[in-house]
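Beneath this line is the structure, given in C-alpha cells, with notes to follow.
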Amino acid sequence: MPTPLDEKTRSIILATVPALKAHGLAITEEMYKRLLARPEIRDLFNQSHQRDLEQPKALALAVLAYAQHINDLGRLGGMVERIAEKHVGLNILPEHYPFVADALLGAIGHVLGSAATPEIVEAWGKAYWFLADVLIGREKQIYDEHEQAPGGWKGWRAFTVRSRRQETPEIVSFDLVPADGGALFRHKAGQYLSFRLDIPGHGSQRRNYSISSSPGADHYRITVRRHELGLVSPWLHESVREGDTLLAANPAGDFFLDESASGPVVLLTAGVGLTPIVSMLGELCGTKAGRAIRYVHGADSRELAVFVPEITALAADNVLSADFFYARDTGVDEETGKGVTRHAGRISTEWLRATVDPTATYYICGPESFMQDMIGTLRDAGLPAAQIRYEIFGSASNPDLVL
C-alpha cells in the first residue's frame with residue numbers, strides 16, 4: 001500500500017476544489033489534448049468519447065471527487081475499482097502512468113496559469129502518484145488473477161466469430177470462441193469484453209461490449225446495437241462475419257451479479273442496456289437459487305426489443321415475472337402471456353415508485369438519463385446503496401453516478 005499523503009499535501013489539494021469546480025473540464029480537455037498527441041497512448045482510448053467530451057467530463061468529475069474526499073479516500077473505493085477494471089480491460093500498464101502524470105500536471109499549469117503555484121503542482125504530483133500506485137497495485141492483482149485462472153490470458157487474445165444473429169433491425173449478436181481452441185475464462189455475470197479493432201481507414205480502435213451470454217457457456221456472446229453516427233458498431237454490423245477474428249482482453253468490470261446475496265432481484269433496463277442483465281439472468285436461472293426475479297425492460301417498440309421470446313418463455317415456466325415497456329405503443333397496459341405485462345410508454349419514475357420492493361436488489365443499466373431517474377427514485381424510496389447496483393456505458397459524466 002502506498003505511503004499515505006501528508007497533511008500539508010492534503011490541505012493544498014482540498015484548497016484547489018473551487019478551482020476544479022470552475023476549471024476542471026478545461027483542465028481535463030487540455031490533459032487529453034496533450035496525452036492523445038502521443039501515438040503510443042492515443043490508441044488506448046475510445047476516440048468517440050473525446051469528440052463528445054464524455055471522457056474529459058468523466059475525468060473532471062473523478063478528479064473533483066478525489067480532491068473533495070482527499071481526507072476520506074475510503075469513500076472512493078467503488079470509483080477506484082471501476083477505474084482499475086476499465087484499465088485492465090484496455091491493457092493499461094505501469095509504463096503508461098508517467099505519460100498521464102506529465103499531461104495532467106502540464107494541463108493544470110496551462111489552464112490555471114500563475115494560480116498553479118509550485119506548491120500546488122507539487123501537491124498534485126504527489127496526489128496523482130499516490131492514486132496511481134493504488135491503481136497499479138490493484139490492476140496487477142486483477143491481471144494475475146485472470147492469467148492464473150482456468151482459461152484466463154494476458155494481453156489480447158484472438159477470438160473467432162462462430163455465429164452471428166440479427167436479433168432486431170438494429171441489434172446483432174456475435175458468438176465468439178477462442179481461436180486457439182483453448183479453454184474459456186468464466187466471466188462474472190454482468191462483465192464486459194474490451195476489444196482492439198483495426199478498422200480500415202481508421203486504424204486501431206478500442207471498444208467495450210457487455211457479455212450477454214451466461215457464465216460457463218462455451219462462448220462469449222456480445223449483442224451490439226448499431227449507432228448510425230458511430231464508427232465501430234456500423235463496421236461490426238456490416239463487415240464482421242462468421243469465421244472472422246476479433247482481439248479481446250479478459251472479461252472486466254465491477255458491475256456483476258452478487259451470487260452471495262439472497263432475496264428478490266429486479267433487473268431494470270432500457271435499450272441495449274439489457275446486455276449485461278441478460279447474462280445475470282442466465283446465471284440466476286442456471287444456479288436455480290430460487291430467488292424471485294422481476295425483469296423490467298423498456299424499448300422504443302416491440303420490433304426493437306431483443307430477447308423477448310426468451311424472457312416470455314421463462315415467465316411461462318414461472319422462473320420470473322416480466323414487464324415490457326414500449327415507448328411507441330399507444331395501447332393500454334395488458335397481459336401478453338403468463339407472467340408478462342406489456343405497458344405503453346416508457347418506464348416512469350411514478351411506476352417505479354409505486355412498485356418498489358424494499359427487500360429486492362436492483363440491477364440497473366441503460367442510458368444515463370434513465371439510470372439517473374431510476375437510481376434517484378430508489379434512493380428516495382430509502383433503499384440502501386447495497387441494493388442499488390448499476391452499470392455505466394462509456395464514461396460516467398454525471399456526478400450522481402460517479403461514486
Side-chain angles (χ1 to χ4, degrees), residues 58 61-62 65-66 68-69 72-86 88 134-135 138 141-142 145 187-192 210-211 214-215 251-270 273-297 320-321 323 347 349 351-393 395-396 398-403:
L61 288 173
Y66 183 43
Q68 289 174 320
H69 298 94
D72 184 20
L73 293 178
R75 290 192 60 187
L76 302 182
M79 184 180 77
V80 169
E81 184 67 12
R82 188 159 54 246
I83 293 172
E85 289 282 353
K86 286 190 175 182
V88 167
V134 171
L135 289 169
R138 176 58 184 141
Q141 288 180 333
I142 300 172
E145 289 169 3
H187 71 284
K188 296 177 181 177
Q191 290 188 309
Y192 55 81
S210 296
I211 303 170
S214 303
D254 67 332
F255 176 67
F256 49 80
L257 184 68
D258 182 358
E259 298 178 47
S260 67
S262 58
V265 177
V266 179
L267 307 173
L268 182 57
T269 66
L274 59 75
T275 51
I277 299 298
V278 167
S279 180
M280 293 182 185
L281 181 57
E283 179 76 346
L284 286 166
C285 296
T287 58
K288 295 180 171 58
R291 301 172 68 179
I293 304 169
R294 187 169 193 175
Y295 180 91
V296 184
H297 179 64
L320 53 78
S321 63
D323 293 90
I347 304 171
T349 55
W351 180 87
L352 180 60
R353 192 176 300 115
T355 60
V356 167
D357 181 350
T359 68
T361 298
Y362 284 73
Y363 291 87
I364 309 166
C365 192
E368 191 170 295
S369 59
F370 165 80
M371 291 200 303
Q372 185 177 0
D373 287 344
M374 299 299 103
I375 293 167
T377 299
L378 294 173
R379 286 173 176 169
D380 290 344
L383 262 68
Q387 290 176 227
I388 307 174
R389 315 288 181 87
Y390 53 91
E391 170 72 307
I392 301 166
F393 280 164
S395 303
N398 185 302
D400 291 334
L401 304 180
V402 170
L403 298 180

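Being a predicted model, the structure only gives us computed values, none of them experimental.
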| Can you tell me how far NZ of K86 sits from CD of E81, rounded to the nearest 0.5 angstrom? | 12.5 Å

| message | Could you go through E391 and I364, starting from their C-alpha distance and side-chain angles, then the distance that decides it, and tell me whether this counts as side-chain contact (heavy atoms from CB on, under 4.5 Å)? | response | CA-CA 7 Å; E391 170 72 307; I364 309 166; over 6 Å; no

| note | Interatomic distance, CE@M280 vs CD1@I211, rounded to 0.5 Å, equals 11.5 Å

| said: If you compare all heavy atoms of Y363 against all heavy atoms of D258, which two are closest, and at what distance to 0.1 Å? | reply: OH-N, 3.1 Å

| task | Please examine the side chains of L268 and L352, heavy atoms only from C-beta on, and report whether any two atoms are closer than 4.5 Å. | result | yes

| said: Are the side chains of V80 and R138 in contact, using a 4.5 Å heavy-atom criterion? | reply: no

| Can you name the nearest heavy-atom pair linking A386 to T361, along with the distance? | O-CG2, 4.2 Å

| Spacing of CG belonging to D380 relative to CD1 belonging to I375, to within rounding of 0.5 Å | 12.0 Å

| remark: One should read off an interatomic distance between H297 NE2 and L267 CG, to the nearest 0.5 angstrom, of 12.0 Å

| Is the closest side-chain heavy-atom distance between L274 and Y295 below 4.5 Å? | yes

| Are any of the side-chain heavy atoms of L320 and L281 separated by less than 4.5 Å? | yes

| Heavy-atom pair of closest approach, residues G78 and D254 | O-OD2, 3.8 Å

| said: I'd like to know if the side chain of Q191 reaches the main chain of F256, judged simply by a donor and an acceptor atom lying under 3.5 Å from each other, with no hydrogens or angles considered. | reply: no

| Would a distance-only check, ignoring hydrogens and angles, find a side-chain to backbone donor-acceptor pair under 3.5 Å from R291 to G263? | yes

| Donor-acceptor pair, side chain of E283 and main chain of S214, under 3.5 angstrom | no

| remark: Of all heavy-atom pairs linking S279 and H187, the shortest is OG-NE2, 3.2 Å

| field | Side-chain donor/acceptor of Y362 to backbone N/O of D357, under 3.5 Å | value | yes

| message | Let me confirm one number: the CD1-CG distance from I388 to L378, rounded to the nearest 0.5 Å. | response | 5.0 Å

| Which heavy-atom pair separates G190 from P276 by the least distance, and what is that distance? | O-CB, 3.5 Å

| request: Could you please spell out the steps behind the side-chain contact (heavy atoms from CB on, under 4.5 Å) verdict for V266 and T355? | output: CA-CA 11 Å; V266 179; T355 60; over 6 Å; no

| remark: For A65 and M79 the tightest heavy-atom approach is CB-SD, 4.4 Å

